[in-house]
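Basis for what follows: all heavy atoms, side chains included, without hydrogens, waters or symmetry-related copies.
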Amino acid sequence: MTGTSRRSARSRIKSTSSPGGDEGSDSLRYPPPSIRRGKGKELVSIGAFKTNLKILVALIILGIVVIYFVINQLVSRGLLFDESQKPRVITPFPAPKLMDLSMFQGDHKESLYWGTYRPHVYFGVRARTPQSLVAGLMWLGVKDEMYVMRHFCENSDDLSTFGWREHNGRDFGRQELVENDMILETSFVKSKEGSLGYGGDWAVRIDVNDKGLNDGAKRSAHLFFYLADEGGNVLNLGHDNLDFQESSLLVSGSREDVGDWQIHLKSQNQLETHYSGFKTPHIYNLSDLVQQNLALQARKFGRLQLSDTSEDSSNIYIFQISGKLPFTIDIPFVSGIKGESSNVEKRLSSLSGLPLSDLLKKKHREFDTKFEECFNLSEKHDSETLGVGKTAIANMLGGIGYFYGQSKIFVPKSTQPESQNNFLLYWPAELYTAVPSRPFFPRGFLWDEGFHQLLIWRWDFRITLDIVGHWLDLLNIDGWIPREQILGAEALSKVPEEFVVQYPSNGNPPTLFLVIRDLIDAIRMEKFTASERDEVLSFLERASVRLDAWFQWFNTSQTGKEIGSYFWHGRDNTTTRELNPKTLSSGLDDYPRASHPSEDERHVDLRCWMYLAADCMHSITEFLGIEDKLSKEDYNSTAKLLSNFNLLNQMHYDSDHGAYFDFGNHTEKVKLIWKEVIQENGHLSRQLVRKTYGKPKLKLVPHVGYVSFFPFMSRIIPPDSPILEKQLDLISNRSILWSDYGLVSLAKTSSMYMKRNTEHDAPYWRGPIWMNMNYMILSSLHHYSKVDGPYSEKSRAIYTELRSNLIRNVVRNYYQTGYIWEQYDQAKGTGKGTRLFTGWSALTLLIMSEDYPIF
């Protein structure tokens with residue numbers, strides 16, 4: 001927050017003397033002798049009083065102006081009020097930021113400045129700065145014999161396939177998009193050679209090809225490439241009449257970050273170009289502006305082309321590039337231009353034509369080489385499987401975005417009577433993060449991010465540290481991090497208003513501890529060089545105080561009534577519309593918990609997450625030798641308590657089922673029924689509402705599924721325990737969880753299996769196969785197959801078959817549909833949910849390489 005509208009400071013004006021005032025005072029004390037006593041004296045006194053009054057009024061006005069100016073300066077600089085006067089929920093954690101570490105400055109920061117950091121559009125480029133120069137691509141597609149504009153990634157666009165085929169997360173990416181009979185290939189590459197601008201130069205190549213389905217008839221394509229300055233800086237059009245035989249300059253400008261810059265268009269093909277310029281602070285509605293401009297031109301002149309006009313002081317230019325397929329265009333960007341010494345032509349030449357082709361080929365070879373070094377798959381899998389593996393890591397890295405804005409945090413209206421809103425704004429913050437899905441979830445999700453980084457750190461650990469650092473810098477003074485990050489106008493435009501506000505009582509699985517402990521284990525196994533090891537330790541040293549506060553938030557706000565018990569807050573205990581009230585904060589949404597939410601609940605998954613966090617914190621404090629420098633928490637004792645096998649069994653184990661369950665106020669006798677309800681307007685409507693037929697009781701909640709296996713995933717179960725065999729039997733039982741495509745999320749025998757939760761909520765975690773949980777279970781199967789015990793051979797056999805099923809199904813779906821999916825059907829193995837879900841579904845690559853965390 002930049003300040004507050006209420007001011008509690010008071011001020012007083014101390015009287016001062018002035019030459020005018022002294023003269024007036026002297027005249028009263030020493031009247032001229034010619035003035036008589038009595039009435040004459042009264043007249044002199046009145047005149048002097050009027051003079052003094054004017055001076056006093058002038059001084060008061062001057063004082064008010066000065067005080068107003070001073071107060072405004074203090075407010076603008078945040079110095080007028082103590083930080084403690086802010087509501088705690090929007091007060092940043094009082095510790096040095098991770099992103100201020102020297103490791104994130106200098107060459108590292110500059111090397112990541114430009115990138116494809118706009119995952120929500122089919123192709124976009126921006127810088128890691130709040131008010132960036134932004135580039136992007138649109139094109140006219142065809143659906144139902146009508147032109148439609150393609151810009152934002154949408155499942156409804158029905159592209160045959162799209163996504164990154166190669167991406168290294170830093171300076172190179174190649175993407176393929178297929179719509180009907182047109183193939184678009186977009187390549188992005190950066191170059192620091194000869195560049196004087198911050199972040200270097202970059203280029204975009206767009207290849208447009210025909211799949212050859214039109215019997216030799218050449219079709220046309222209409223592309224729209226745009227430049228927009230979010231800071232409102234004026235862009236200068238290269239030429240009113242675009243003639244690229246004379247000059248390739250599209251547009252130029254100047255910015256504080258990169259200096260003078262130019263962007264050009266080069267092509268050897270015969271192309272038609274048009275443009276339109278706009279002045280607007282918003283860029284999320286650019287496709288609307290283009291369509292309105294095209295529609296107006298079509299009505300006036302019957303031509304599908306931009307108007308070749310621009311508004312005064314335009315900060316956005318859109319260039320229409322039309323031609324017969326196939327054609328190729330190169331769009332180089334150069335910055336830091338300072339006269340003839342800048343070698344602009346030489347730099348443009350190196351980023352277009354044959355030199356650009358050579359550079360892209362070099363980057364392609366480097367990507368293949370690094371892929372093999374990181375994952376070592378060539379001898380284990382066929383070319384089709386390798387292709388899916390490359391797609392997984394490329395889309396994970398190519399889906400990394402940069403966002404800037406303020407989260408909306410729920411607060412009751414009663415606590416802020418002067419406001420009509422039920423939220424406060426978090427402080428302005430930036431976030432560099434991977435995203436689960438470009439079409440449907442193109443923003444940061446806290447519990448997804450830990451799974452993302454298990455893959456990313458193996459490719460580039462510095463990118464992982466950068467991302468985790470950004471997330472931990474979002475910690476507030478209470479140790480809470482908003483679980484979903486919807487930052488900036490473009491991100492907000494993709495999310496319904498009712499899902500924007502974040503609730504400070506609700507957590508999310510602390511999966512960042514997964515990757516942090518994995519990094520610590522990598523140090524122990526000497527997977528890093530000495531200098532790399534020092535970087536990780538430097539990061540952990542500063543991160544430790546924030547991780548400690550994060551743990552303490554969970555350990556105080558999510559605890560249950562029993563020692564060592566926890567439950568996810570945020571469940572609705574008043575709803576009559578849900579078959580089983582959702583537990584969104586757990587990340588497992590509609591997975592069945594106690595039918596009647598209460599503070600008596602004990603959630604076994606959260607208990608295991610807390611064991612992971614405590615054990616990780618113990619490792620950090622021990623590794624860094626800072627046991628006494630954090631909170632009073634004895635992490636070693638806490639980890640031992642939460643991994644106490646007997647205590648775990650007392651709280652959560654059901655010997656009849658041989659499974660671990662939640663505990664709570666529960667009855668199985670619930671169902672959804674249709675009921676006529678009188679609405680506020682007096683009309684009758686039919687609604688699906690919950691009917692309870694039995695009285696709920698405090699007991700274990702008898703639903704076998706992913707939650708049941710958290711003690712197994714956490715490896716709390718001793719390798720010689722008969723309970724381990726029970727887990728293996730449940731996993732491999734075809735009547736319960738096993739399928740030929742992976743483990744289903746909820747037992748087929750469960751009363752909630754594949755049941756809708758509301759009229760509009762299809763089953764989500766009640767049957768479909770999810771890769772993140774399969775990866776975790778597979779990881780523990782691998783572990784138990786390696787340790788000495790009576791069940792190692794059984795674990796190995798189940799592991800081998802489950803791994804094979806998962807890989808085969810993901811690869812089969814990819815080549816049948818063109819996508820990696822959010823989830824897979826529990827009966828047929830077909831992709832479900834949103835497609836191009838290359839968040840945790842990309843963990844398929846680690847399954848291929850048999851690379852698992854060491855717990």
Side-chain angles (χ1 to χ4, degrees), residues 112-130 132-139 150-157 159 161-177 184 186-188 190 202 204 226 228 230 283-284 286-287 391-405 430-446 448-449 451-453 455-456 459-460 463-464 466-467 470-471 484-495 819-822 833-842:
L112 291 173
Y113 194 63
W114 291 106
T116 54
Y117 302 138
R118 303 180 65 214
H120 52 290
V121 296
Y122 283 114
F123 179 79
V125 178
R126 69 165 296 130
R128 295 204 317 174
T129 188
S132 174
L133 188 65
V134 171
L137 176 69
M138 304 180 226
W139 74 91
R150 306 300 193 205
H151 184 206
F152 290 101
C153 301
E154 301 284 357
N155 282 326
S156 58
D157 285 348
L159 271 65
T161 185
F162 80 93
W164 297 99
R165 301 298 179 252
E166 300 166 330
H167 204 296
N168 66 12
R170 286 187 176 271
D171 61 9
F172 165 69
R174 181 181 66 85
Q175 181 182 216
E176 189 178 82
L177 308 100
L184 271 170
T186 64
S187 298
F188 171 77
K190 296 194 301 193
W202 49 263
V204 175
Y226 61 85
E230 292 180 318
I283 66 169
Y284 60 84
L286 281 188
S287 48
T391 294
I393 184 64
N395 279 287
M396 177 73 84
L397 294 166
I400 292 174
Y402 173 89
F403 308 91
Y404 182 85
E430 59 181 355
L431 180 64
Y432 172 65
T433 184
V435 304
S437 169
R438 288 171 61 195
F440 207 75
F441 302 112
R443 53 193 178 275
F445 287 81
L446 181 54
D448 294 63
E449 201 55 40
F451 291 108
H452 298 166
Q453 297 312 313
L455 179 56
I456 290 176
W459 179 270
D460 189 327
I463 288 179
T464 286
D466 200 317
I467 287 174
H470 272 90
W471 274 100
E484 185 174 348
Q485 295 293 320
I486 310 165
L487 304 177
E490 281 194 294
L492 285 166
S493 70
K494 296 278 287 182
V495 183
Y819 294 98
I820 294 173
W821 292 80
E822 178 185 16
T834 185
R835 56 191 186 177
L836 195 66
F837 192 96
T838 43
W840 59 47
S841 290

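Partners of Y432 according to the ring-ring contact (aromatic ring centres under 6.0 Å, His included) rule, which considers only residues two or more places apart in sequence or in another chain, are Y117, H470. Every residue two or more places apart in sequence or in another chain that forms a salt bridge (charged side-chain N to carboxylate O under 4.0 Å, His left out) with E166 is listed here: R174. For F440, the side chain to side chain contact (heavy atoms under 4.5 Å, CB included) partners are N155, S437, T834, not counting sequence neighbours. Take S287 and apply the side chain to side chain donor-acceptor pair (under 3.5 Å) test, not counting sequence neighbours, and it matches no residue. Applying the side chain to side chain contact (heavy atoms under 4.5 Å, CB included) test to A394 and every residue at least two apart in sequence or in another chain returns W164, H167, F367. Checked against salt bridge (charged side-chain N to carboxylate O under 4.0 Å, His left out), E822 has no partners two or more places apart in sequence or in another chain. Applying the ring-ring contact (aromatic ring centres under 6.0 Å, His included) criterion to F172, with sequence neighbours excluded, gives no partner residue. Checked against ring-ring contact (aromatic ring centres under 6.0 Å, His included), Y402 has no partners two or more places apart in sequence or in another chain. The ring-ring contact (aromatic ring centres under 6.0 Å, His included) test applied to W114 returns W202, F333, not counting sequence neighbours. Checked against salt bridge (charged side-chain N to carboxylate O under 4.0 Å, His left out), D448 has no partners two or more places apart in sequence or in another chain. Q453 pairs by the side chain to side chain donor-acceptor pair (under 3.5 Å) definition with E449, T464, not counting sequence neighbours.
When atom types are taken as modelled, the side chain of W821 and the backbone of G833 share no donor-acceptor pair closer than 3.5 angstrom.
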*Could you walk me through whether L112 and R170 pass the side-chain contact (heavy atoms from CB on, under 4.5 Å) check?*
CA-CA 6 Å; L112 291 173; R170 286 187 176 271; 3.8 Å; yes

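Here the straight-line distance linking atom OG1 of T161 with atom CG of L177 works out to 8.5 Å at 0.5 Å rounding.
Residue pairs meeting the salt bridge (Lys or Arg N to Asp or Glu O under 4.0 Å) criterion with at least one member in residues 433-444, sequence neighbours excluded: R443-E484.
In this pair, Y122 and W139 present their aromatic rings tilted. The plane angle is within the 30 to 60° band. Ring geometry, F445 versus F441: the interplanar angle exceeds 60°, so the pair is classed perpendicular (tilted spans 30 to 60°).
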